[in-house]
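Reading through the structure tokens given below for one structure.
These numbers come from the heavy atoms of this one structure, side chains and all, not from hydrogens, waters or symmetry mates. In what follows, every chain begins at residue 1, and chains take the letters A, B, ... in the order their sequences are listed. None of the values given here were measured: they were computed from a predicted structure.
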Amino acid sequence: MTNQPIDRFKSQVFHILSEIPKGECIAYGELAKLAGFPGYARQVGSLMKNLPNDTKLPWHRVINAQRRISFAENTDGYLRQKEKLEKEGWVIVGSKLAFNKNLIKK
DNA sequence: TGGGCGGCTACCG
DNA sequence: GCGGTAGCCGCCC
């Protein structure tokens with residue numbers, strides 16, 4: 001209540017996030033834009049960070065505009081996201097994220 | 001009230 | 001393609 005747009009922004013983000021199908025990913029800024037709040041990319045990141053560990057939201061499908069995981073490689077967050085993504089058919093190619101589906105092997 | 005900090009982005013060299 | 005820089009915006013001291 002009271003807070004207005006931000007609250008709505010959060011709701012929108014969670015809603016959109018919950019509708020992202022498996023095997024698809026989206027950038028922070030893109031997600032924010034879809035929610036109707038362009039420029040809130042960092043805020044999306046903050047939200048993801050705030051998510052509980054037992055959340056069922058596909059937060060791992062949210063990556064940065066460079067198509068990379070926004071964590072340092074040695075962090076647990078990176079490992080967690082990487083593992084979840086690989087389970088859904090994604091694969092890390094040169095620190096970049098790419099969809100598996102055999103197209104990597106030309 | 002003020003300043004610094006992020007799971008970001010776009011631009012520039 | 002990559003590092004540095006400047007905007008962006010809510011959140012937490």
- Item | Watson-Crick and G-U pairing of DNA chain B written in dot-bracket, each distance under 3.5 angstrom, with | for inter-strand partners | .|||||.||||||
- Item | Close residues, residues 61-73 of chain A, relative to DNA chain C [heavy-atom separation under 4.0 Å] | none
- Any residue of residues 33-44 of chain A with a heavy atom less than 4.0 Å from an atom of DNA chain C: A:G39, A:Y40, A:R42, A:Q43
- Query: What residue among A:I69, A:L31, A:L57 forms side-chain contact (heavy atoms from CB on, under 4.5 Å) with A:V62?
  - Reply: A:L31
Check: [Y] main-chain N/O paired with [X] side-chain donor or acceptor under 3.5 Å:
X: A:T55; Y: A:P52; value: no
X: A:E86; Y: A:V91; value: no
X: A:Q12; Y: A:D7; value: no

For the pair made of [atom1] in [X] and [atom2] in [N], what is the distance, rounded to whole Å?
X: A:F9; N: B:dC8; atom1: CZ; atom2: C1'; value: 11 Å
X: A:K49; N: C:dC12; atom1: NZ; atom2: C1'; value: 12 Å
X: A:N74; N: B:dG7; atom1: CG; atom2: P; value: 14 Å
X: A:L31; N: B:dT9; atom1: CG; atom2: C1'; value: 15 Å
X: A:L47; N: C:dC12; atom1: CG; atom2: P; value: 11 Å
X: A:Y28; N: B:dA10; atom1: OH; atom2: P; value: 14 Å
X: A:M48; N: C:dC11; atom1: CE; atom2: P; value: 14 Å
X: A:N50; N: B:dC5; atom1: CG; atom2: C1'; value: 15 Å

To the nearest 0.5 Å, tell me how far [X] [atom1] sits from [Y] [atom2].
X: A:L47; Y: A:N50; atom1: CG; atom2: CG; answer: 7.0 Å
X: A:I63; Y: A:C25; atom1: CD1; atom2: SG; answer: 3.5 Å
X: A:H60; Y: A:K84; atom1: NE2; atom2: NZ; answer: 6.0 Å

What residue pairs, at least two apart or across chains, pass salt bridge (Lys or Arg N to Asp or Glu O under 4.0 Å) with a residue in [range]?
range: residues 19-43 of chain A; result: none
range: residues 60-70 of chain A; result: A:R61-A:E88
range: residues 71-81 of chain A; result: A:D76-A:R80

- Task: Answer yes or no: does a side-chain N or O of A:K82 lie under 4.0 Å from OP1 or OP2 of B:dG7?
- Result: no
- Message: I want to check something: taking the side chain as every heavy atom from C-beta on, are A:V44 and A:W59 in contact at a cut-off of under 4.5 Å?
- Response: no
- For A:A27, which contact category applies under a 4.0 Å heavy-atom criterion: base, sugar-phosphate, or nothing? sugar-phosphate
- Message: Suppose you measure atom P in C:dG7 against the same atom in B:dG7; what distance do you get, rounded to whole Å?
- Response: 22 Å
